[in-house]
Amino acid sequence: MISIKRMDFNDKVPEKIKELKIDGIEFGEKWPVVYIITNNKEAYVGETTNVFNRMKQHLENPDRRKLKGLCILTDEKFNKSVILDLESFLIKYMQADNKFILQNGNGGIQNHNYYDKQEYEKQFKEVWKILKENGLVQNELLSIENTDLFKYSPYKALTSEQSLIVKEILDTLANDITKNKKSTSIVRGGAGTGKTILGIYILKLLMDKQRNKIMIEEEQIDEDVDTIIREAQNIKELKIGLVIPMNSLRQTLKNVFKRIDGLSANMVIGPSEVVGKEYDLLIVDEAHRLKRRVNLTGYGTFDSNNRKLGFGNQGTELDWILKSSKHQILFYDNNQSVKPSDIEKTDMYKLINNKSTHVYELKSQMRCLGGNDYIEYVKKIFSNDPPKEKINFRNTYDLKLFDNISEMKNAMQEKENEFGLCRFIATYAWPWISKGKKYKHIL
């Protein structure tokens with residue numbers, strides 16, 4: 001059974017821990033535990049097999065010295081893999097819970113498979129209830145999962161595919177900076193493959209490095225994380241911007257960044273904000289939504305920016321990014337380009353096919369439980385060559401057809417109340433009249 005012990009965090013805490021027992025277990029020096037150190041505004045989450053030594057190290061850290069309370073979680077069935085997983089779980093959810101701003105860097109987030117993992121993960125939900133009863137968290141897990149803070153948090157465990165791409169990008173960046181070479185990296189991936197999260201992860205990691213907030217500590221950590229941190233430490237201080245072409249997402253991320261230690265809202269910028277400035281690195285999410293001079297609402301501003309950069313009237317926001325930065329990481333999906341004003345695919349493919357461009361592919365589906373097979377099956381259903389056979393997926397899906405919109409709305413509301421994140425999506429299903437022009441319906 002998971003036990004919790006709370007005490008003041010001060011110079012006396014190591015000796016108190018050394019002598020402390022929980023349910024007859026002397027856990028101070030040779031037992032796996034997870035701990036949370038807090039004050040009224042900030043928190044730090046960690047794991048260790050020697051909490052006595054770990055607290056002595058934390059007391060030497062100026063940031064930890066600002067914290068006043070210590071909570072230790074342990075169980076007679078804990079082992080190293082369990083506490084690594086529980087630590088990742090708590091960091092991920094506590095950051096989005098929004099009660100505390102976490103001092104953690106995102107280098108500690110790890111994804112482990114181990115014996116009886118599913119059973120332990122059930123216990124993690126019980127841990128959350130215990131923390132809520134003790135005033136250390138404030139929201140239910142389901143409520144947290146439906147927030148932007150959770151969706152766009154940099155505190156996410158990377159898949160092996162994502163870890164490999166991060167390591168290669170950081171290695172390339174470090175080498176090109178050393179050689180004083182410009183570099184462009186393009187990460188291609190469909191919807192739900194984690195492009196936005198990867199961009200935020202890299203930004204947070206590099207900002208933590210610049211503030212000396214990441215380090216290889218004495219605790220055993222995952223080999224992939226170890227390598228990523230070492231690669232980040234090889235990169236000098238950079239002027240970095242996260243470019244978000246879409247206004248709505250840009251404002252969402254600004255609000256998220258206000259609640260993440262080491263990040264700030266002014267790091268999230270629009271394409272026009274790079275003009276007249278010099279960045280070492282620009283990370284561009286949804287690069288397929290960068291604009292060209294077609295179907296714009298503000299030609300004057302667009303033309304002015306082009307003139308400032310010497311592009312005449314033919315420059316695109318992609319040109320602005322390349323001109324205003326030494327290094328770029330572009331996240332791109334040609335299938336999500338939907339407007340006439342989006343940059344042409346040929347412009348991006350010229351960059352992709354350039355021998356000096358580093359291109360990476362994200363393929364694993366993160367958003368859909370059915371995975372890539374389900375995504376491809378749905379695409380085929382709506383294609384000119386629909387599948388001729390049924391496919392069974394490991395997850396259960398419900399398909400219901402309604403002939404009454406009110407009944408559909410009520411059914412959707414029930415699902416929203418139960419799970420959240422329910423959405424209505426519709427194409428044009430009736431004639432659309434705008435400024436005297438009539439457009440035919442599309443179905």
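What you are looking at is a predicted structure, and each value in this text was computed from that prediction instead of being measured.
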*Asks:* For residues 285-301, which residue pairs pass the side chain to side chain donor-acceptor pair (under 3.5 Å) check, not counting sequence neighbours?
*Replies:* Thr196-Asp285, Arg289-Asp342, Arg293-Asp303

*Asks:* List the steps and the verdict of side chain to side chain contact (heavy atoms under 4.5 Å, CB included) for Phe100 and Glu42.
*Replies:* CA-CA 5 Å; Phe100 300 106; Glu42 297 179 295; 5.8 Å; no

*Asks:* Run the side-chain hydrogen bond (donor to acceptor under 3.5 Å, both in side chains) test against Asn255 and tell me which residues pass, sequence neighbours left out.
*Replies:* Gln251

*Asks:* For Phe124, which residues count as a ring-ring contact (aromatic ring centres under 6.0 Å, His included) partner, sequence neighbours excluded?
*Replies:* Phe89

*Asks:* For the CG atom of Leu263 and the CD1 atom of Ile240, what is their distance to the nearest 0.5 Å?
*Replies:* 10.0 Å

*Asks:* Please enumerate all residues that pass salt bridge (Lys or Arg N to Asp or Glu O under 4.0 Å) together with Glu140, with sequence neighbours excluded.
*Replies:* Lys132

*Asks:* Sequence neighbours left out, what passes side-chain hydrogen bond (donor to acceptor under 3.5 Å, both in side chains) with Asp347? Give chain and number order.
*Replies:* none

*Asks:* Under 30°, 30 to 60°, or over 60°: which ring-plane class applies to Tyr120 and Tyr114, parallel, tilted or perpendicular?
*Replies:* tilted

*Asks:* Kindly write out the residues that satisfy salt bridge (Lys or Arg N to Asp or Glu O under 4.0 Å) with Lys195, not counting sequence neighbours, or none if the list is empty.
*Replies:* none

*Asks:* Tell me if a side-chain donor or acceptor on Ser304 pairs with a main-chain N or O of Gly300 at a distance below 3.5 Å.
*Replies:* no

*Asks:* For Asp280, which residues count as a side-chain hydrogen bond (donor to acceptor under 3.5 Å, both in side chains) partner, sequence neighbours excluded?
*Replies:* none

*Asks:* Name the atoms and distances for all side-chain donor-acceptor pairs under 3.5 Å in residues 173-182, with sequence neighbours left out.
*Replies:*
| unit_1 | atom_1 | unit_2 | atom_2 | d |
| --- | --- | --- | --- | --- |
| Asn175 | ND2 | Asp171 | O | 3.3 |
| Thr178 | OG1 | Ala174 | O | 2.8 |

*Asks:* Applying the side chain to side chain contact (heavy atoms under 4.5 Å, CB included) test to Tyr35, which of Val45, Leu90, Leu73, Thr48 qualifies?
*Replies:* Thr48

*Asks:* NE2/His327 to CG/Leu281 distance, rounded to the nearest 0.5 angstrom?
*Replies:* 7.5 Å

*Asks:* Can you name the residues that form a salt bridge (Lys or Arg N to Asp or Glu O under 4.0 Å) with Lys239, not counting sequence neighbours?
*Replies:* none

*Asks:* Looking at Glu161 and Lys363, does any basic side-chain N land under 4.0 Å from a carboxylate oxygen?
*Replies:* no

*Asks:* Is there a donor-acceptor pair under 3.5 Å between the side chain of Ser143 and the backbone N or O of Asn139?
*Replies:* no

*Asks:* Report yes or no: does Gln328 contribute a side-chain atom to a donor-acceptor pair with the main-chain N or O of Ser325 at less than 3.5 Å?
*Replies:* yes

*Asks:* Name all residues meeting the side-chain hydrogen bond (donor to acceptor under 3.5 Å, both in side chains) criterion together with Tyr93; count only those two or more places apart in sequence or in a different chain, and write none if there are none.
*Replies:* Glu145

*Asks:* Less than 4.0 Å between a side-chain N and a carboxylate O, is that true for Lys204 and Asp208?
*Replies:* yes

*Asks:* Could you work out, with salt bridge (Lys or Arg N to Asp or Glu O under 4.0 Å) as the rule, every residue matching Lys68, not counting sequence neighbours?
*Replies:* none

*Asks:* Counting only N and O atoms by type, is there a donor-acceptor contact under 3.5 Å from the side chain of Lys156 to the main-chain atoms of Lys151?
*Replies:* yes

*Asks:* To the closest 0.5 Å, what do you measure between CG (Asn305) and CZ (Arg307)?
*Replies:* 9.0 Å

*Asks:* Can you list everything that forms a ring-ring contact (aromatic ring centres under 6.0 Å, His included) with Phe302? Sequence neighbours excluded, please.
*Replies:* Trp320

